[in-house]
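These notes are about the structure you will find just below.
Index from 1, following the sequence. Just so you know, ligand 1 is whichever comes first in the structure, and atom 1 is the first atom listed for that ligand.
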Amino acid sequence: MLNPADERFVSTLAAGLPDGTIRPPEPRYLEEPRGRWVGLAGCVALPRTTAEVAAVVRACQAAKVGIVPWGGGTGLVGGQVLPAGPAPVVLSLDRMKAIRGIWSSENVLIAEAGAKLAEVRAAADGAGRLFPLSLAAEGTCSIGGNLATNAGGVNVLRWGNTRDLCLGVEAVLADGSILGGLKRLRKDNTGYDLRNLLIGSEGTLGIITAASLRLVAPPPVTGAALMVVESPAAALDLLAMAEGLAPGCVSAFELIHRTGPEFLAETMPDLRQPFPQPPEWLVLVDMGLPNGLSAAEMLEELFGMGAEAGLVTDGLIAQSESQRADFWNLRENIPEANRLIGAISSHDVALPLSELPGFIDQAGAALAAMGNFRINCFGHLGDGNLHYNVFPPKGASRSAYAGRADAVKELVHDIVHARGGSVSAEHGLGRAKTGDLTRYGDPSRVAAMRAIKAALDPAGILNPGAVLG
Ligand code: FAD
């Protein structure tokens with residue numbers, strides 16, 4: 001049983017650290033993007049060094065006080081907010097943002113955990129390199145949060161998840177010891193892979209303080225197209241065609257259902273929409289090619305092949321970088337439109353690629369039988385990851401449907417599970433999906449996870465209640 005970070009604990013903690021490290025909790029540290037939970041905190045700790053993080057952890061360990069790590073607060077499953085129980089210390093990495101070094105010839109960058117993803121990308125760009133992790137929240141989320149959630153984003157198809165882009169982590173463990181793993185190695189087979197254990201552990205096994213990250217050479221020629229496809233099955237055939245035409249050069253392949261542009265028209269009427277009438281299904285294809293090739297020509301060829309095969313009926317090929325940015329703007333604003341409309345239940349699911357069309361048909365039919373809902377299905381089709389969000393009908397409020405959220409979630413997740421999918425593709429389990437781990441998780445795997453947690457954090461001070469419940 002943990003103790004609260006009460007006044008006495010907070011003042012003792014503050015006395016042992018430089019002035020300004022321990023502060024009363026500002027509201028932003030207790031909120032999450034969809035306003036679904038409000039967090040508790042006895043104080044916020046804002047360390048500037050790994051040694052200060054370790055000092056906070058040691059004090060919390062001694063007093064059995066919980067710690068909730070906080071990166072940028074953009075997590076969508078409630079991992080960064082603890083809404084009930086003894087008030088924890090929220091440990092923000094906001095003041096640990098340094099880029100500790102860039103080795104361009106090695107394609108390596110070392111960043112502190114509080115650096116925003118956009119800052120890491122800009123630092124790589126400044127050195128003529130690309131850090132390929134990219135997501136709509138990149139101006140706000142931190143690289144530590146990305147690692148803690150093993151974030152995905154739009155370029156997984158080509159460059160992998162955050163895990164694939166990380167060579168090593170430095171972290172503070174629950175006993176306050178510092179795990180120094182900032183190696184710049186591609187190969188290191190010296191026993192258990194603690195880096196990969198910490199990545200995706202959502203702050204429950206350690207606090208990531210810095211990471212060495214893998215960079216790539218930016219593709220010299222880039223381009224994008226929006227293509228109207230007949231169906232999700234046609235979109236998958238088009239993806240296979242694109243990968244055959246330009247192997248290894250398809251950077252992103254995003255599926256967009258009509259509901260996305262409709263929500264954008266409803267919530268952001270000034271946003272430029274490429275099609276006057278939103279098509280039923282669209283894909284956004286982004287390519288990065290070697291010198292000497294034309295992206296527009298490659299995408300035209302793909303369009304021609306797709307049209308001939310009856311997969312594609314219309315399309316727009318970006319003629320400039322600004323048009324390419326407009327296409328991405330449409331895609332990247334969909335999560336914000338969803339937030340403004342207000343979902344009853346949001347699902348971040350992954351399926352084997354060939355199961356995707358069947359899942360979309362089956363879930364749509366099952367939800368139609370249950371009630372009158374609007375569904376916004378979009379996401380990273382190239383990696384089998386859909387954001388399948390269920391909304392009340394137009395004009396109805398989300399609160400009127402709150403009582404149905406659990407039934408909707410269960411219905412969608414049951415179908416995903418039965419088709420061999422995952423109920424958390426890229427957002428993690430946080431506190432929102434701990435029940436899903438028990439419902440769908442392999443019992444042996446869950447038992448091993450509990451044993452690892454008990455070994456590394458026996459008192460359970462690190463992010464209490466997240467992941468394992
Ligand atoms: P936070 O929200 O602060 O924390 C998330 C979790 O990580 C919490 O459990 C927290 O305790 C833990 N944590 C944070 N920092 C550390 C640390 N240094 N050490 C240990 N634990 C830590 N996610 C995707 O994967 N792909 C997307 O395409 C995507 N798009 C998004 C679009 C929008 C508009 C929004 C709002 C979110 C999106 N997300 C996406 C979700 C979110 O941005 C990611 O999960 C991101 O990785 C969280 O980073 P953060 O710094 O905001 O972490």
So does K97 pair up with E119, basic N to acidic O under 4.0 Å?
->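 Salt bridge present between K97 and E119.
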W103 six-ring centre to R184 NZ/CZ under 6.0 Å and within 45° of normal |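 Flagged: R184 positioned over aromatic ring of W103.
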Taking T204 as the fixed residue, which of N463, I461, L429 is the one that meets the side-chain contact (heavy atoms from CB on, under 4.5 Å) rule?
->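 Going through the options one by one, the only one that passes is N463.
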Mind checking the CG-OG spacing from L289 to S251? Nearest 0.5 Å is all I need.
-> 8.0 Å
With no hydrogens and no angle check, do the side chains of E170 and T50 hold a donor and an acceptor under 3.5 Å apart?
->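 Side chains of E170 and T50: pair found under 3.5 Å.
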Go through H257 and H387 one step at a time and tell me if the ring-ring contact (aromatic ring centres under 6.0 Å, His included) criterion holds.
-> CA-CA 11 Å; H257 181 250; H387 298 308; over 10 Å; no
Hey, which residues fall under 4.0 Å of ligand 1 on heavy atoms?
->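 Answer by chain and number: P69, W70, G71, G72, G73, T74, G75, L76, G79, Q80, L93, A113, L135, A136, A137, C141, S142, G144, G145, N146, A148, T149, A151, G152, G153, E202, G203, G206, I207, I208, P335, H380, E426, H427, N463.
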